[in-house]
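As a basis for the values below, the full set of heavy atoms in this structure was taken, side chains included, without hydrogen atoms, waters or symmetry mates. Lettering of chains follows the sequences in order, A, B, ..., and the numbering in each one begins at 1.
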There are 2 protein chains.
Amino acid sequence: MTADTGSGAGAEAGADSVTEVLSALADPTRRRILDALAAHGEATATVLAAELPVSRQAIVKHLGVLDRAGLVAGHREGREARYRVVPERLGVAARWMDRIAAEWDGRLAAIKRLAEGQGTGAD
Amino acid sequence: MTADTGSGAGAEAGADSVTEVLSALADPTRRRILDALAAHGEATATVLAAELPVSRQAIVKHLGVLDRAGLVAGHREGREARYRVVPERLGVAARWMDRIAAEWDGRLAAIKRLAEGQGTGAD
DNA sequence: GCTACGTGCAACCATTGGGTAGCACGTACG
DNA sequence: CGTACGTGCTACCCAATGGTTGCACGTAGC
């Protein structure tokens, strides 16, 4: 979150990137931050704090979480730290969820088949 | 979570269904429960507690959260309460995430266009 | 009818997490 | 060179949450 080391989730996936992304996204305030960030293209914590009902420090903390999840990236520009949104991670998470949903569907279908056509074997 | 009134999220979406689904999914234990549930097709809290490293009551609590999020549904069968996974919600959440990702992409592209082709107007 | 298994509920504990306030440091600007 | 703005860090508070144990109730089976 130092805004110059960049994203903690940029390369590795140490502590379950899925958990990081999902829990980062689970917080409404964090989603509002992401939304405001997407609207501005780039913004500082101070600017974001001005249009959200939380303090600057809270924004900084949230940006830290979002950065670790790889959903935002920050860089220093003079004396201010600008952050921007990173859409890729969200897409990855969306695809992951879709895959799991499909997997569940498959398993449920298989089980249903077994339960219904016990002796049939091939429906 | 009474398993006979059914899913709390079955009809309404009182407290932000997005938040409910995401925070429900954010917990690793909860994801393992969902996984085990999908593997069994149907299972009781006791069965799940047997193959996960948490107590039965913990499972029950998690099932409550998952039920409120609409990710599982339960029904009584004799003296046991069986739960099953509900894949639809996950798909909905996945599509929501994909939509947001696309939205971000659009906004970022527009902003980039403005920044690069200030005087050009058409790249 | 008694026993045993499974569930539901309530109390309780420890940890995490969102939020705030205060302070120290660096950087731009007069 | 001094001032002002913006950032970063630490300490602290309160609520929510994951987890546990214990107990009471209903239901199935002998």
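Comparing B:Glu80 and A:Gly78 by the nucleotide of DNA chain C that holds the closest heavy atom to each, the one mapping nearer the 5' end is B:Glu80.
In this structure, the CZ atom of A:Arg82 is 13 Å from the P atom of D:dG8, given to the nearest Å. Here C:dG19 presents its P atom at 14 Å from CG of A:Leu48, a figure rounded to the nearest Å. A straight line from CD of B:Glu77 to P of C:dG8 spans 14 Å, rounded to a whole angstrom. The nearest whole Å value for the distance from the CZ atom in A:Arg79 to the C1' atom in D:dG6 is 6 Å. Rounded to a whole Å, the CD1 atom of A:Ile59 is 13 Å from the P atom of D:dG8. Rounded to an integer number of Å, the gap from CG of A:Leu63 to P of C:dG18 is 13 Å.
In the model, A:Glu51 has a side-chain atom that pairs as donor or acceptor with a side-chain atom of A:His40 under 3.5 Å. Side chains of B:Ser17 and B:Arg89: a donor-acceptor N/O pair is absent below 3.5 angstrom, by distance only.
B:Ile111 is not connected to A:Leu48 by any chain of hydrophobic side-chain contacts under 4.5 Å among Ile, Leu, Val, Met, Phe, Trp and Tyr, and they are in different clusters.
Taking the charged nitrogens against the carboxylate oxygens, B:Glu20 and B:Arg68 have no contact shorter than 4.0 Å, which rules out a salt bridge. In this structure, A:Arg31 pairs ionically with B:Asp16, as a charged nitrogen and a carboxylate oxygen lie closer than 4.0 Å.
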So which protein nitrogen or oxygen atoms get under 3.5 Å of nucleotides 17-20 of chain D's nitrogens or oxygens?
| unit_1 | atom_1 | unit_2 | atom_2 | d |
| --- | --- | --- | --- | --- |
| D:dG18 | OP1 | B:Arg30 | NH1 | 3.0 |
| D:dG18 | OP1 | B:Arg30 | NH2 | 2.9 |
| D:dG18 | OP2 | B:Arg30 | NH1 | 3.3 |
| D:dG19 | OP1 | B:Thr29 | OG1 | 3.3 |
| D:dG19 | OP2 | B:His62 | NE2 | 2.3 |
| D:dG19 | N7 | B:Lys61 | NZ | 2.8 |
| D:dG19 | O6 | B:Lys61 | NZ | 2.3 |
| D:dT20 | OP2 | B:Ser55 | N | 2.8 |
| D:dT20 | OP2 | B:Ser55 | OG | 2.8 |

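Contact between the side-chain N/O atoms of B:Arg76 and the OP1/OP2 oxygens of C:dG6 is not found at any separation under 4.0 Å.
Counting only heavy atoms from C-beta outward, the side chains of B:Val85 and B:Glu42 never approach each other to under 4.5 Å.
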